[in-house]
Amino acid sequence: MALCPIVKVNAERLPELNIPRAGHNMFYAGDELTVVGGHTISFKPTATAEYYKDGQWHQLPTEYPHDNGLAVPLTSGKVLLAGGHSEPLGIGQSYLVESYDPASHTCTGFSSLYTKRTLAQGIELDSGRVVIVGNHFHHDAIELFDGKKTFSLVKEVAVERMCPYIFRTSDGDVIILGAHDTRYQPVGSSTVDRMKGTPFSVPLLDEWQPMPFERSFSSDVSFIGDEQKGDYSYLLPVVNSDRQLAISLVRDTVFTLLPTDCVIPMAPFGDSILYDSPAIVHRQAQRAYVVGRDMRNRYYFLTIDYAQMPAGPSVITRSQEEAWQAKLKLLYTDPMPDMGCTIPVLTPDGNLVITGGVNTSHDNFAPLSTVWLVHVNGEAPVIAESCSSAWLWVIVAVALLSALAYIIINRKRHKPIAESPSENQAPATPSDEELMQRICQSIERDRQYLTSRLRLSDIAVELGVSVTTLTDCIQSQRHCTFAQLIAEYRVHYAQQLLSENPEMKLYAVIAESGFTSESTFFRSFKAVTGLSPKEWLTQSAKLD
């Protein structure tokens, strides 16, 4: 399978919000980008909203604060706002409900939820009716807004969830699934709830769990079907026990893995990507994005081109899979410490906007007010696209060598013999960054860094370059040796094991992480994290 193309993209800073905020909702109301609620400095809920018009943000009051509440844009043009934390510091749940009218930029309180909620989800069915489900540290059940004023209980759920996915089906029903229960714990179940029908089990979810995140959104952002044709299809990011990301195609109640032309990169620069969003679909372009970031504040936008996908509602057959694959590309930015961790919104021209949020330290007491427009649709200048297969690198290398030979020959013909050494030096290769990406992808494939058999010479042969070239590239790009790079991968894997398996014995962590001795493990762990394993665990527990 080919390596995933990797492309650097630009992010443009827009005027800042009037109020720093996180835990807010963001959506387009009419043609206006709008943010509602959330909490601001000192982790205090804010009963405000803002809309972007004429190059600036305009602030307006809401009836209630909706910190981690839900927002459902309705076909009527209005927006249903409901729930959220009842107190500062992200505590409690609320019944509060109001309607936002973008035509008059006013909010009106008019009813209350049947169940007090926060970190819930909602999706419109028809005629303004909205299904609402999900909760946080409180009882969960399915309720229905009648589109006018009343919220009523529909039924209990088989599995209580926080921030669940809600997907519509062709028979007027919805299915409900998710990764976390209401207390942040993994659901650990392949059970899918239904509003009308009985719960059912999905075998795929025994191996691939829905990707978790902790922000409300409308699941319709992931819709790729055609309501007129009765095709209710969605893209669902899923992860396995190895934290490898894949994309599931959900058609009605059938779940399959979307065939792709390459494996999704998980650490192209050596730092693991934390993917943390639903699939955000640009339907006209038949393209979707899943957003992630790493510890160096680079942001990543996995691009899924699903054009020409066999039409629903049937499952993609094996013969169709062999004939068609979704095309993947990974977009990334420079480190962006002032870009917040929120779910982006797709702009009308196919780019992504990220407003406010918290940075990678997750400091809810100091949310951001920054607003960024990320140029993902190809219209803005992009930098340094990587090659997607080894033979392209051979062609590039041959072309560079030919050009270099031509320069040297012509210098010998036309330059005086007494040239300075600097004039004879070959220009630095422009592809070190791309080569480093390919080195990391090779190391990450099948977690090769966990085996002692991995040698730099093996990677050199695979990539068609010399060992010296790889050594120089690693030194220039990562400022370390090959052995130190592998040790860094192993330490990151050990951190994952320690976080996800607190009961696991340290000697087992050392062995599974690929270290051959305790002394090497402790030395490497300290070099990478600056802490001992015990100190790191204590610090992690405090952050949690």
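Please read these numbers as outputs of a predicted model, since none were measured by experiment. Computed from heavy atoms alone, side chains included, the values below leave out hydrogens, waters and symmetry copies.
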Inset, instruction - Could you tell me whether a side-chain N or O of T538 sits under 3.5 Å from a main-chain N or O of K534, the two making a donor and an acceptor? - result: yes
Legend entry - Spatial distance of atom CD1 (I510) from atom CG (L497) [nearest 0.5 Å]: 11.5 Å
Legend entry - Residues I474, M436; criterion side chain to side chain contact (heavy atoms under 4.5 Å, CB included); working and verdict: CA-CA 7 Å; I474 293 170; M436 191 67 230; 4.2 Å; yes
Legend entry - Note, L204 side chain near T256 side chain (heavy atom, < 4.5 Å): no
Inset, instruction - Using ring pair (Phe, Tyr, Trp, His ring centres under 6.0 Å) as the criterion, list what pairs up with H136, not counting sequence neighbours. - result: H85, Y184
Inset, instruction - Run the numbers on Y275 and V239 for side chain to side chain contact (heavy atoms under 4.5 Å, CB included), then give the verdict. - result: CA-CA 10 Å; Y275 289 103; V239 294; over 6 Å; no
Legend entry - Side-chain heavy atoms of S532 within contact of F522, under 4.5 Å: no
Legend entry - Closest contact, heavy atoms only, V358 versus L368: C-CD1, 4.4 Å
Inset, instruction - Could you tell me whether the side chain of Y332 reaches within less than 4.5 Å of the side chain of F269, counting heavy atoms only? - result: yes
Legend entry - Straight-line distance of C440 SG to R478 CZ, nearest 0.5 Å: 5.5 Å
Inset, instruction - For residues Q244 and I264, determine if any side-chain heavy atom of one lies less than 4.5 Å from a side-chain heavy atom of the other. - result: yes
Inset, instruction - Working to the nearest 0.5 Å, report the span between CD of Q495 and CZ of R490. - result: 15.0 Å
Inset, instruction - For residues Q441 and I6, determine if any side-chain heavy atom of one lies less than 4.5 Å from a side-chain heavy atom of the other. - result: yes
Legend entry - Within-4.5 Å side-chain heavy-atom neighbours: N297 and M339: no
Legend entry - Donor-acceptor pair, side chain of T260 and main chain of A326, under 3.5 angstrom: no
Legend entry - Check against side-chain hydrogen bond (donor to acceptor under 3.5 Å, both in side chains), S233 and D231: CA-CA 6 Å; S233 299; D231 176 9; 2.4 Å; yes
Legend entry - Under 3.5 Å: donor-acceptor pair, side chain of N364, backbone of F43: no
Legend entry - R287 to Y306 - nearest heavy-atom pair and separation: N-CE2, 3.3 Å
Legend entry - D261 side-chain N/O to L328 backbone N/O, donor-acceptor pair under 3.5 Å: yes
Legend entry - Under 3.5 Å: donor-acceptor pair, side chain of D173, backbone of M195: yes
Inset, instruction - Determine the sole option in M309, R283, Q286 for which the side-chain contact (heavy atoms from CB on, under 4.5 Å) test with I224 is passed. - result: M309
Inset, instruction - Give a yes or no on this: more than 12 heavy atoms of other residues, nucleotides or ligands lie within 6.0 Å of atom CD of Q308. - result: no
Legend entry - Stepwise side chain to side chain contact (heavy atoms under 4.5 Å, CB included) test for Y449 and S513: CA-CA 9 Å; Y449 52 86; S513 301; over 6 Å; no
Inset, instruction - May I ask you to say whether K329 pairs ionically with D305, meaning some side-chain N is under 4.0 Å from a carboxylate O? - result: no
Legend entry - Expected output: side-chain N351 to main-chain N377 donor-acceptor under 3.5 Å: yes
Inset, instruction - Taking atom types as modelled, find out whether D67 and H39 have a side-chain donor-acceptor pair closer than 3.5 angstrom. - result: yes
Inset, instruction - Answer whether the closest heavy-atom distance between the side chains of E535 and K526 falls below 4.5 Å. - result: yes
Legend entry - Closest heavy-atom pair and its distance - R168, I123: CG-CD1, 4.0 Å
Inset, instruction - Give, for atom CE of M295 and atom NE2 of H492, the distance between the pair rounded to the nearest 0.5 Å. - result: 9.0 Å
Legend entry - Nearest-0.5 Å distance that lies between atom CG in N135 and atom CZ in R161: 13.0 Å
Legend entry - Flag, side chain of Y489 to backbone of I443, donor-acceptor distance under 3.5 Å: no
Legend entry - Main-chain N/O of S201 paired with S190 side-chain donor or acceptor, under 3.5 Å: no
Legend entry - Sidechain-backbone polar pair: S248 side chain, V250 backbone, donor-acceptor under 3.5 Å: no
Inset, instruction - Tell me, please, which residues at least two apart from Y300 pass ring pair (Phe, Tyr, Trp, His ring centres under 6.0 Å). - result: none
Legend entry - For the student: nearest non-hydrogen atoms of L245 and L302, plus distance: CD2-CD2, 4.0 Å
Inset, instruction - Taking the side chain as every heavy atom from C-beta outward, state whether F217 and I280 have any atom pair closer than 4.5 Å. - result: no
Inset, instruction - Given side chain to side chain contact (heavy atoms under 4.5 Å, CB included), test L435 with L463 step by step and report yes or no. - result: CA-CA 9 Å; L435 180 56; L463 300 184; 4.1 Å; yes
Legend entry - Qualifying salt bridge (charged side-chain N to carboxylate O under 4.0 Å, His left out) pairs with a residue from residues 205-214, counting only residues at least two apart or across chains: none
Legend entry - Interatomic distance, R298 atom CZ to D334 atom CG [nearest 0.5 angstrom]: 8.5 Å
Inset, instruction - Could you tell me whether the side chain of S219 and the main chain of I166 form a donor-acceptor pair under 3.5 Å? - result: yes
Legend entry - Minimal non-hydrogen separation, V281 against A288, with atom names: CG2-CB, 3.9 Å
Inset, instruction - Would you please indicate yes or no on a ring centroid separation below 6.0 angstrom for Y165 and Y234? - result: no
Inset, instruction - Please report the shortest heavy-atom distance between S277 and P237, naming the atom on each side. - result: O-CG, 3.8 Å
